[in-house]
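Have a look at the structure below, then the notes.
Note that the structure is predicted; figures quoted are calculated from it, not measured.
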Amino acid sequence: MPAPGTTGEPSATAAFVEHRNLLFTVAYEMLGSAADAEDVLQETWLRWADVDHAAVRDPRAYLVRITTRQALTRLRTLGRRKESYVGSWLPEPLLTTADVAEDVELAENVSMAMLLVLETLAPVERAVFVLRDVFAVDYDEIAEAVGRTPVAVRQIAHRARGHVAARRPRVSASPQETRSAIDAFRRAVETGDLQGLVDVLAPDVVLVGDGGGIKQALPRPVVGSDRVARVLAGGLARLAGAMSLQPVQVNGQPAMIVRIRGELDSVLTLRVDDGLVTGLYAVRNPEKLRYLERATALSR
């Protein structure tokens with residue numbers, strides 16, 4: 001897509017650039033894949049470039065509508081790809097800027113835990129929920145984007161909201177509680193302290209690994225503090241002295257980039273509730289680690 005002042009109508013290019021972060025965030029929340037979200041933005045630009053911009057009263061709404069339609073098409077394709085995915089599937093992690101974590105609602109909505117909840121929705125339900133509950137888009141605009149009537153969209157939103165409410169993560173801990181839990185977890189990992197790991201993990205903690213069939217990963221989620229601690233301790237024993245942890249913010253949540261002998265191996269995102277780690281999401285699939293080199297800007 002062109003940069004401002006190159007090809008295309010300058011005002012149209014400027015409008016696209018102005019809303020680009022928003023459009024990327026909409027597409028990413030609908031897809032859980034940064035690479036596919038970028039493709040959706042490219043398709044959105046191509047369609048936007050052909051529009052009679054003088055007839056567009058609200059460029060933001062129009063661009064969100066195009067993005068939603070393109071993301072819905074891509075979402076159905078992704079569904080077929082996930083059916084043949086090897087092992088557990090996790091969203092593509094994004095290294096995020098500090099302002100994302102400071103926007104508590106945005107951070108919650110792009111977290112690994114929440115994106116996994118959104119995976120349980122049908123494509124149109126996901127689109128309606130994201131547009132209405134995350135971005136506060138009017139029902140009439142959503143109806144145009146998804147090809148349903150406003151009445152139908154309200155019904156879909158109600159159904160999706162109830163579905164998400166029954167599955168969404170608990171309210172996150174305070175920043176101080178989160179830092180304390182993350183520090184304790186990191187100390188236990190770096191020192192190989194099995195009891196220290198058990199103490200910082202919630203009784204019902206879940207560990208999910210995604211290697212995509214390219215890298216070795218857990219074949220299925222591991223549940224329970226004792227089991228998760230043993231799995232982590234076993235891996236640490238094999239990598240003694242070769243592993244380093246780099247604290248970062250991923251998807252607006254605390255995370256650690258794991259390096260083995262200096263090489264990027266994986267990213268481990270943590271979910272903290274009531275001072276304990278309740279979710280661990282380890283992405284090792286190298287095709288999903290491309291957005292850890294620089295921070296991605298998100299907005300709503």
Side-chain angles (χ1 to χ4, degrees), residues 1-4 7-80 91-92 94 100 103 105-106 109-110 114-115 117-119 121-161 163-164 296-300:
M1 64 192 72
T7 63
E9 197 174 321
S11 60
T13 304
F16 185 89
V17 171
E18 178 185 355
H19 300 299
R20 189 190 187 285
N21 291 346
L22 166 69
L23 302 177
F24 177 86
T25 309
V26 170
Y28 178 71
E29 286 215 44
M30 286 184 60
L31 301 170
S33 164
D36 285 285
E38 289 287 1
D39 287 345
V40 163
L41 258 63
Q42 181 68 36
E43 293 160 2
T44 298
W45 163 256
L46 293 174
R47 283 157 179 77
W48 173 246
D50 287 337
V51 166
D52 177 6
H53 303 105
V56 177
R57 292 194 303 272
D58 186 343
R60 179 184 185 275
Y62 199 99
L63 284 163
V64 167
R65 191 184 314 150
I66 300 174
T67 299
T68 300
R69 289 172 179 168
Q70 297 307 311
L72 273 173
T73 300
R74 184 61 62 105
L75 189 57
R76 296 182 178 103
T77 302
L78 276 176
R80 291 191 291 272
E92 186 173 3
L94 296 176
V100 175
D103 185 338
E105 188 173 346
L106 177 60
N109 282 308
V110 298
M114 187 60 178
L115 289 174
V117 172
L118 295 181
E119 283 294 313
L121 297 175
V124 172
E125 287 180 330
R126 184 167 183 169
V128 170
F129 179 84
V130 167
L131 292 177
R132 181 60 188 171
D133 284 51
V134 180
F135 297 98
V137 177
D138 291 337
Y139 285 111
D140 288 349
E141 291 180 20
I142 297 174
E144 285 194 56
V146 301
R148 304 292 176 91
T149 66
V151 171
V153 165
R154 287 179 182 274
Q155 294 171 341
I156 293 169
H158 178 75
R159 184 169 65 246
R161 203 171 289 126
H163 186 100
V164 169
T296 299
L298 302 175
S299 68
R300 62 188 177 96

Residues passing the side-chain contact (heavy atoms from CB on, under 4.5 Å) test with A61, sequence neighbours excluded, are D58, E141
Heavy-atom donor-acceptor pair, T25 side chain to L298 backbone, under 3.5 Å: no
Residues at least two apart in sequence or cross-chain that pass side-chain contact (heavy atoms from CB on, under 4.5 Å) with Q155, listed by chain then number, are V151
Applying salt bridge (Lys or Arg N to Asp or Glu O under 4.0 Å) to D133 and not counting sequence neighbours gives R161
All heavy atoms of A27 vs all of T67, minimum pair found to be CB-CG2, 4.1 Å
Could you check if a side-chain atom of L31 sits within less than 4.5 angstrom of a side-chain atom of L78, using non-hydrogen atoms only? yes
Contacts of E43 meeting side chain to side chain donor-acceptor pair (under 3.5 Å) (sequence neighbours excluded), chain-then-number -> R74
Within the 4.5 Å heavy-atom criterion, are L63 and R20 side-chain neighbours or not?
no
In short, G32 meets R126 closest at the heavy-atom pair N-NH2, 3.8 Å
query = Checking side chain to side chain contact (heavy atoms under 4.5 Å, CB included) for the pair F135/E29: CA distance, chi angles, key distance, verdict?
reply = CA-CA 11 Å; F135 297 98; E29 286 215 44; 4.0 Å; yes
On a heavy-atom basis, the closest approach of L23 and V64 is CD2-N, 3.7 Å
Sorted by chain and residue number, the side chain to side chain donor-acceptor pair (under 3.5 Å) partners of H19 (sequence neighbours excluded) come out as none
Distance col, row L41:CG vs L46:CG, nearest 0.5 angstrom, shows 11.0 Å
With sequence neighbours left out, the residues meeting side-chain contact (heavy atoms from CB on, under 4.5 Å) with E125 are L121, A122, I156, R159, A160
Just list the side-chain donor-acceptor pairs under 3.5 Å for residues 142-149, sequence neighbours left out, or say none.
residue, atom, partner, partner atom, Å
T149, OG1, A152, N, 3.1

Rounded to the nearest 0.5 angstrom, the CG-CG distance for N109 and L118 is 7.5 Å
Sequence neighbours excluded, the answer for side chain to side chain donor-acceptor pair (under 3.5 Å) partners of D103 is R300
All heavy atoms of V153 vs all of V128, minimum pair found to be O-CG1, 3.8 Å
Sorted by chain and residue number, the ring-ring contact (aromatic ring centres under 6.0 Å, His included) partners of Y62 (sequence neighbours excluded) come out as W48
Keeping the roles fixed (side chain from R132, backbone from H158), state whether a donor-acceptor pair exists under 3.5 Å.
no
For T77, the side-chain contact (heavy atoms from CB on, under 4.5 Å) test, sequence neighbours excluded, returns R80
For T68, the side chain to side chain donor-acceptor pair (under 3.5 Å) test, sequence neighbours excluded, returns none
A297 and N21 have their tightest heavy-atom pair at CB-ND2, 3.6 Å
CD of E38 to OG1 of T44, rounded to nearest 0.5 Å, is 11.0 Å
CG (L115) and CD (E92) are apart, to the nearest 0.5 Å, by 11.5 Å
Quick note, salt bridge (charged side-chain N to carboxylate O under 4.0 Å, His left out) partners involving residues 44-57, not counting sequence neighbours, are none
Any heavy-atom pair between the side chains of L94 and Y28 that's under 4.5 Å? yes
